[in-house]
Enquirer: 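Once you've had a glance at the structure underneath, I'll fire off some questions.
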Amino acid sequence: MKEIRTRIAPSPTGDPHVGTIYIALFNLAFAKKFNGKFILRIEDTDQTRSHVTFEKNIFDALKWANLHYDEGPDMGGPFGPYRQSERLSIYKKYADELIEKDKAYRCFATKEELDEMRQIAKKTGKPSGYDRRYRNLSKDEIKKRLDEKQNYVIRLKVPLTGECIFDDAVKGRVVTPLQDIDDQVLFKSDGFPTYHLANVVDDHLMKITHVIRGDEWISSTPKHILLYEAFGWDKPIFMHMPLLLGKDGRKLSKRKNPTSTFYFKETGYLPEALVNFLSLMGYSTKDEKEIYTMQEFIKNFDPTRIGKSGAFFDIQKLDWLNQQYIINTLSEKDILNKLKSWQFNDEFFQKIIPLCHTRMKTFTEFMELVDFMFINHLNYTDELFTPKKTTKDEAILILYTFMLLLEKQDILNSENVEKASHELSDLFQTNHRKIVMPLLFAAIQGKKFGPPLFQSVEILKKDRIRARLLMAIEFLGSISNKKIAQLKEALEKKDLSSFIKPKN
Ligand code: GLU
């Protein structure tokens with residue numbers, strides 16, 4: 001029998017999302033249940049967004065969660081390299097093969113032509129922007145353009161009529177009329193493949209038998225099916241997992257909920273509890289048991305019990321589960337050791353002592369100064385958030401914008417945080433010392449004054465700061481998705497005037 005091989009294929013373009021752990025968990029369980037292999041492949045073909053730090057974060061997050069892969073970029077394996085940026089020549093070869101087979105073609109459309117097509121499609125209400133104008137060029141015409149060294153992309157020749165049908169092992173049959181599928185770009189003019197081509201070629205070459213991924217990719221699957229057919233390759237079995245949903249019923253988003261695996265690590269969750277919790281997302285065991293070890297999960301894993309609809313990521317449930325793990329799996333000595341490896345260690349204290357050195361009369365005051373580093377839920381009060389008669393709505397906008405400004409930094413350090421805080425007062429044309437700083441102290445430290453704020457942000461790091469700003473916003477009220485979109489747009493233009501109340 002063929003060896004079962006599953007994979008996760010994250011792109012290193014941001015914080016290690018808890019969704020990656022969730023999908024990794026089901027891929028691992030599936031592979032292990034059937035004595036197969038679980039692979040990690042890094043999809044870093046988007047060179048503008050990919051970053052080695054993010055890649056390392058993926059390795060670290062999987063290690064922390066104890067989800068070990070059998071093959072991957074940092075350990076090798078028989079089907080490597082496992083990093084797409086190291087496989088570029090492979091993709092070109094396969095793209096050319098499709099041209100050879102008349103399943104793909106060179107498209108010489110310029111940016112202007114594409115813009116124009118987009119405008120026309122918009123006006124006529126057609127779904128696709130590309131009008132396939134280079135699909136049937138004569139050989140001579142192609143040669144002429146190549147001789148002139150014109151730039152081109154390679155597009156898939158999607159059949160014009162018929163349907164693409166596949167049976168998803170979770171969702172059931174998915175039927176897509178081919179007229180709804182654009183002639184996908186497979187290879188870009190910069191020498192990089194698109195996600196679709198690289199993903200399919202690698203899944204084929206790495207002998208992946210089951211593609212288990214999040215539901216957000218199901219709309220790409222018909223394109224992948226067409227590619228398998230164009231190459232004449234066997235298709236893997238597709239299983240699209242239910243999405244993780246936030247409280248608002250939408251896809252879990254870092255702009256609304258904590259989503260980085262490191263947030264859970266840094267706020268003191270046990271990896272076993274988080275993984276157990278994620279296993280309950282869109283899945284239930286036959287006996288409805290909710291607490292089990294990874295080994296038990298794998299042993300009893302039954303893929304037919306994966307649900308079709310989205311799963312609520314309910315933090316309160318996670319908290320409950322984490323507590324059960326603390327009660328039932330940790331001795332007092334274990335707790336001491338875990339606390340030490342969490343934050344009660346020299347490394348952490350060496351970071352915070354310089355912030356307090358000149359600020360305490362006694363050691364008990366040390367704890368008063370740094371309490372916000374050790375707790376997650378601060379004692380927010382209305383008074384804290386209304387400096388100089390600032391309204392709650394203004395405070396929400398300022399705090400949310402601060403979060404967006406911090407997002408632009410890969411890693412927070414006190415200098416770039418300080419810069420962001422000044423940018424914030426410029427954008428809102430408001431007083432830095434009397435309004436912006438008190439609001440930031442309130443949200444991050446839960447008090448009017450405290451140890452240096454910018455260094456505190458650096459120590460608490462991005463994920464906890466983001467969560468804290470969101471908690472403060474939730475305390476103050478809320479911000480609608482529409483407002484968020486407007487705010488982002490205004491921030492792009494660096495003009496927040498429409499958000500500023502005229503001064504009288
Ligand atoms: N690179 C995609 C991601 O970032 C992979 C999706 C898939 O599993 O096919 O998740």
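Counting starts at 1 for both ligands and their atoms, following the listed order.
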Enquirer: Does any N or O atom in Pro10 lie less than 3.5 angstrom from one in ligand 1, N or O only?
Expert: no

Enquirer: What residue and atom, counting heavy atoms only, is the protein's closest point to atom 10 (O) of ligand 1, and at what distance?
Expert: Trp217 CZ2, 3.4 Å

Enquirer: Cut-off 3.5 Å, side chains only: do Asp15 and Ser260 have a donor facing an acceptor?
Expert: no

Enquirer: Do the ring planes of Phe59 and Tyr69 sit parallel (below 30°), tilted (30 to 60°) or perpendicular (above 60°)?
Expert: tilted

Enquirer: Which of the atoms of ligand 1 are close to Asn199, meaning less than 4.0 Å from one of its heavy atoms?
Expert: 7 (C), 9 (O)

Enquirer: Looking at Ser11, which atoms of ligand 1 are within less than 4.0 Å of one of its heavy atoms?
Expert: 1 (N), 4 (O)

Enquirer: Among all protein heavy atoms, pick out the one at the shortest distance from atom 2 (C) of ligand 1; state its residue, atom name and that distance to 0.1 Å.
Expert: Ala9 O, 3.3 Å

Enquirer: I need the nearest protein heavy-atom contact for atom 8 (O) of ligand 1: residue, atom name and distance, please.
Expert: Arg7 NH1, 2.6 Å

Enquirer: To the closest 0.5 Å, what do you measure between CZ (Arg155) and CG (Asp182)?
Expert: 6.0 Å

Enquirer: Tell me which protein heavy atom sits closest to atom 9 (O) of ligand 1, plus the residue, atom name and distance to 0.1 Å.
Expert: Arg213 NH1, 2.7 Å

Enquirer: Lys286 and Arg305: which non-hydrogen atoms are nearest, and at how many Å?
Expert: N-NE, 3.5 Å

Enquirer: Hey, does the side chain of Gln323 reach the backbone of Trp320 with a donor-acceptor pair shorter than 3.5 angstrom?
Expert: no

Enquirer: Is ligand 1 under 4.0 Å from a heavy atom in the side chain of Ile8, in the backbone, in both, or in neither?
Expert: neither

Enquirer: Check each atom of ligand 1 against the heavy atoms of Glu43 and keep those under 4.0 Å away; list them by number with element.
Expert: 1 (N), 2 (C), 5 (C)

Enquirer: In Å, rounded to the nearest 0.5 Å, how long is the span from CG of Asp96 to CD1 of Ile154?
Expert: 5.0 Å

Enquirer: Could you go step by step and tell me if His196 and Thr194 meet the side-chain hydrogen bond (donor to acceptor under 3.5 Å, both in side chains) rule?
Expert: CA-CA 5 Å; His196 303 299; Thr194 57; 5.7 Å; no

